[in-house]
Engineer: 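Structure below; questions to follow.
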Amino acid sequence: MPALVVAGAQWGDEGKGKLVDYLAMRARIVARYQGGHNAGHTVVINDEKFILHLIPSGILHEGKLCVIGNGVVIDPACLIEEMDVLIARGVPIGDNLVISQNAHLIMPYHMALEAAGESLMGAKKIGTTGRGIGPAYVDKMARCGIRMADILNPPLFRERLRVNVEKANRLLACLYGAPGFDPDEVFDRYLGYAKRLERYAGNAGEVIDRALREGQNVLIEGAQGTLLDIDHGTYPYVTSSSASAGGACTGLGIGPAMITKAMGVIKAYTTRVGGGPFPTELDDELGEQLRRRGGEYGATTGRPRRCGWLDIVSLTHSVRVNGFGGFALTKLDILDGLDVIKVCTAYMLDGKITREFPADAAALERCRPVYEELAGWKESTAGVRRWEDLPENARIYVGWIEERLGIGADMIATGQRRDELIVKRENFQP
Ligand code: IMP
C-alpha cells in the first residue's frame, strides 16, 4: 500500500507539478491535502501548457482518481472555472474527482479582509497571493468556517453565512473603512456553486484508505513548500497551512502509518515570492539571469520571483521536518553555462557561524550566507534523460547535495516537458 508524499523543500515553486505528473502515471489516486488556489502547478504535455491551481495534476491522466482533501481551502468559483477550462481542452471531469465534504470554502469576505489587512501592514506585509487563503483558515480554526457539506444544506448555510457576513462587514467597516457584502447575494451565488459541485462531494479519507488497503498506489501532492509551512516555515512570512509532509495525514484523514515515504522537491537554486527573509538572495545581474532563464514569475500572480543560490542550511531543516527519504532535483538546466556554482553551507549570525536554521524570521534576516564553490559545466543538460549523459560536473553537483543532505536523488528534471526527466530511482512499482 504505497503512499508517497511529494512536498516542496523550499519556498514553493520547486516544480512539483511536473514530477507529480510523472508519478501520477503509476498511481491510482492523486490527492491534495492543503493550501488552495494560491498554488499554481505547471505541466507541459506535447508543448501544451496546463496551469492547475486546485485540481491535482493527476487529472491530466486517464483513469486516475483525483482527491481534494479536507485540509484544502476551496474557492468554488475558481474550482469551477478550472474544471471548465480543462473540459474545454478535452480533459474529462466526472467520477475522477472527489472533493472532501469537510474542506473549507473561501468566501468573498475572506479576500476583502485579507486585502484590507495587508494594506494596513505597509512595508511589513506578508505579500500574500491575495486569494483569501489566510482568513479562510482563520475561520476554520475559529470554528465558524463554511465547509463543502454546509453549502449542500441550504438552511444551515444561510444561518451560518448570515452571522459570518455580519461579523465580516463590521470588521471591514470599523477597522478598515471598507465596503461590506450582501448575505443574500453571497447565498444565491454559493448555492449555484453547490449545485455544480454536489456530485463530487465525498469522504476523501475513506476513498484513500480503501485504495491503500487494496494495495493501490496513492500519490499525495503538497502545495507551496516547507519554508512556507505555518509551523515550520519562516513565520510570519508563511502561508496558513501545513505544507510539509505531516499535513498529509490531517489534511486527508489518513493515519501516519499509511504513509510509505516523503520525497522532497528541490530546485537546483532557490526562489521566493512575497516578503520575508532569504539569506542566499541575489540582488544582482546573476539573480536577474536566473529569473529570466528559469521563467521565475508566479504561476498564480505573475509576480517576479526573488532568486538566489541553493541553501543547504534551510534544506537540512526541510529534510528533518518532512523525514524525506529522497529528493527530486528540478531545473538543473537553468544552471548550465555558469563557471562557478555557489552553495550556502552555513550562516554567519551575529558574528558566529551556525548550521542551524533559526526559528525566528528576524534572526534569519540577519544571517549572512557562507558559501562553498563548485565548478559549473559548459554543456547543456536541457532535456537529458539518462544520468550517464549529464556533464561530469552536474553529476558532482547532484552527488554533493546528496552527501550534504544524507538522502539520495530519486529524479532530476532537465526541462519543462513531461519527458525531460532522469529517473534514478522509481518510487512506485508499475
Ligand atoms: P498566501 O498563501 O496567499 O497567504 O501567501 C503567503 C505567502 O506564501 C506569500 O509569501 C506568498 O507569496 C507565498 N505563497 C503562497 N502560495 C505560494 C506558491 O504556490 N508558491 C510560492 N509562494 C507561495
Side-chain angles (χ1 to χ4, degrees), residues 6-20 32-43 50-57 71-75 78 82 104 106-107 110-121 123-141 221-244 247 251 264-267 269-278 281 291 294-308 314 318 330-331 361 364-365:
V6 175
Q10 294 153 314
W11 279 290
D13 308 319
E14 295 92 352
K16 295 179 288 294
K18 176 191 156 97
L19 300 164
V20 166
R32 272 259 327 249
Y33 60 91
Q34 46 72 233
H37 66 314
N38 48 351
H41 289 169
T42 309
V43 183
F50 293 83
I51 299 182
L52 299 162
H53 297 284
L54 269 167
I55 301 179
S57 25
V72 175
V73 284
I74 299 171
D75 180 329
C78 165
E82 195 164 314
H104 281 248
I106 298 181
M107 308 301 291
H110 289 142
M111 273 162 276
L113 285 167
E114 177 170 5
E118 279 276 272
S119 70
L120 204 69
M121 304 264 287
K124 290 272 176 219
K125 71 176 182 186
I126 294 167
T128 69
T129 58
R131 302 298 193 257
I133 305 290
Y137 280 113
V138 167
D139 277 3
K140 172 177 176 171
M141 291 307 177
E221 167 182 14
Q224 290 84 45
T226 306
L227 304 181
L228 287 171
D229 182 284
I230 184 74
D231 289 289
H232 305 292
T234 50
Y235 192 90
Y237 298 99
V238 291
T239 191
S240 301
S241 65
S242 298
S244 48
V265 184
I266 301 174
K267 185 147 49 180
Y269 49 98
T270 311
T271 61
R272 165 158 221 178
V273 204
F278 180 179
E281 183 168 14
R291 178 157 42 248
E296 297 295 353
Y297 296 88
T300 300
T301 58
R303 289 181 291 177
R305 297 178 185 142
R306 301 154 65 191
C307 297
S314 62
S318 288
T330 62
K331 292 195 154 182
L364 187 60
E365 197 76 69

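In this chain, residues are counted from 1 in sequence order. Everything numeric here is computed off the predicted structure, so don't read it as measured data. We count ligands from 1, going down the list as the structure has it; atoms in each ligand are counted the same way.
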Engineer: Please work out whether any backbone atom (N, CA, C, O) or any side-chain heavy atom from C-beta onward of Tyr237 is under 4.0 Å from ligand 1, and answer side chain, backbone, both or neither.
Structural biologist: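 The answer is neither; Tyr237 stays 4.0 Å or more away.
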
Engineer: Go through ligand 1 atom by atom and flag the ones less than 4.0 Å from a non-hydrogen atom of Trp11.
Structural biologist: 21 (C), 22 (N)

Engineer: Please list the nearest protein heavy atom to atom 5 (O) of ligand 1 with its residue and the distance rounded to 0.1 Å.
Structural biologist: Thr128 CA, 3.4 Å

Engineer: Short N/O distance, under 3.5 Å, between Asp13 and ligand 1?
Structural biologist: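 It does: an N or O of Asp13 is found under 3.5 Å from an N or O of ligand 1.
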
Engineer: Indicate yes or no for a side-chain donor-acceptor contact from Glu296 to the backbone of Arg291 under 3.5 Å, with no hydrogens or angles considered.
Structural biologist: no

Engineer: How about His37 and Val73: do any of their side-chain heavy atoms sit closer than 4.5 Å?
Structural biologist: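 Side-chain contact under 4.5 Å: no.
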
Engineer: Which residue and non-hydrogen atom of the protein lie closest to atom 10 (O) of ligand 1, and at what distance in Å?
Structural biologist: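 The protein heavy atom lying closest is Val273 O, 3.1 Å.
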
Engineer: Please determine whether a side-chain nitrogen of the Lys or Arg among Asp75 and Arg131 lies less than 4.0 Å from a carboxylate oxygen of the Asp or Glu.
Structural biologist: no

Engineer: Kindly say whether Ala223 contributes a backbone atom to a donor-acceptor pair with the side chain of Gln34 at under 3.5 angstrom?
Structural biologist: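 Here the side-chain-to-backbone pair exists.
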
Engineer: For atom 3 (O) of ligand 1, tell me which residue out of Ile126, Asn38, Thr129 has the closest non-hydrogen atom.
Structural biologist: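 Selected option, by shortest heavy-atom distance: Thr129.
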
Engineer: Return yes when Ala223 approaches ligand 1 closer than 4.0 angstrom through a heavy atom, no otherwise.
Structural biologist: no

Engineer: Counting C-beta onward and ignoring hydrogens, is there a side-chain heavy-atom pair between Asp229 and Val238 closer than 4.5 Å?
Structural biologist: no

Engineer: Treating Arg305 as the side-chain partner and Tyr297 as the backbone partner, does any N or O pair qualify as donor plus acceptor under 3.5 Å?
Structural biologist: yes

Engineer: Is any side-chain heavy atom of Thr270 less than 4.5 Å from a side-chain heavy atom of Trp11?
Structural biologist: yes

Engineer: If we only consider heavy atoms of Arg305, is any one of them less than 4.0 Å away from an atom in ligand 1?
Structural biologist: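 No heavy atom of Arg305 comes that close to ligand 1.
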
Engineer: Considering non-hydrogen atoms of the protein only, which is the closest contact for atom 17 (C) of ligand 1, and what is the distance?
Structural biologist: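 Protein heavy atom at minimum distance: Gln224 CG, 3.5 Å.
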
Engineer: Taking Gly12's backbone N and O only, do any of them form a donor-acceptor pair with Lys267's side chain (distance below 3.5 Å, no angle check)?
Structural biologist: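 No; judged by distance alone, with no hydrogens or angles, the pair does not exist.
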
Engineer: Should the proximity of Arg272 to ligand 1, defined as any heavy atom under 4.0 Å, be assigned to the side chain, the backbone, both, or neither?
Structural biologist: neither

Engineer: Give a yes or no answer on whether the side chain of Glu82 reaches the backbone of Ile55 with a donor-acceptor pair at less than 3.5 Å.
Structural biologist: yes

Engineer: Tell me, which protein residue and heavy-atom name are nearest atom 12 (O) of ligand 1, and how many Å apart are they?
Structural biologist: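 Going by distance alone, atom 12 (O) of ligand 1 is nearest to Arg303 NH2, 2.9 Å.
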
Engineer: Can you figure out which of Leu228, Thr239, Leu227 has its heavy atom closest to atom 1 (P) of ligand 1?
Structural biologist: Thr239

Engineer: Please work out, at 4.0 Å between heavy atoms, whether the side chain, the backbone, both, or neither of Val238 comes within that distance of ligand 1.
Structural biologist: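 Within the 4.0 Å criterion, Val238 contacts ligand 1 through backbone atoms alone.
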
Engineer: Applying a strict 4.0 Å limit to heavy atoms, is Arg131 in contact with ligand 1?
Structural biologist: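 Under 4.0 Å: no for Arg131.
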
Engineer: Any heavy-atom pair between the side chains of Asp139 and His110 that's under 4.5 Å?
Structural biologist: yes

Engineer: In the protein, which heavy atom is nearest to atom 11 (C) of ligand 1, and how far is it?
Structural biologist: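 Here the nearest protein heavy atom works out to Gly127 O, 3.6 Å.
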
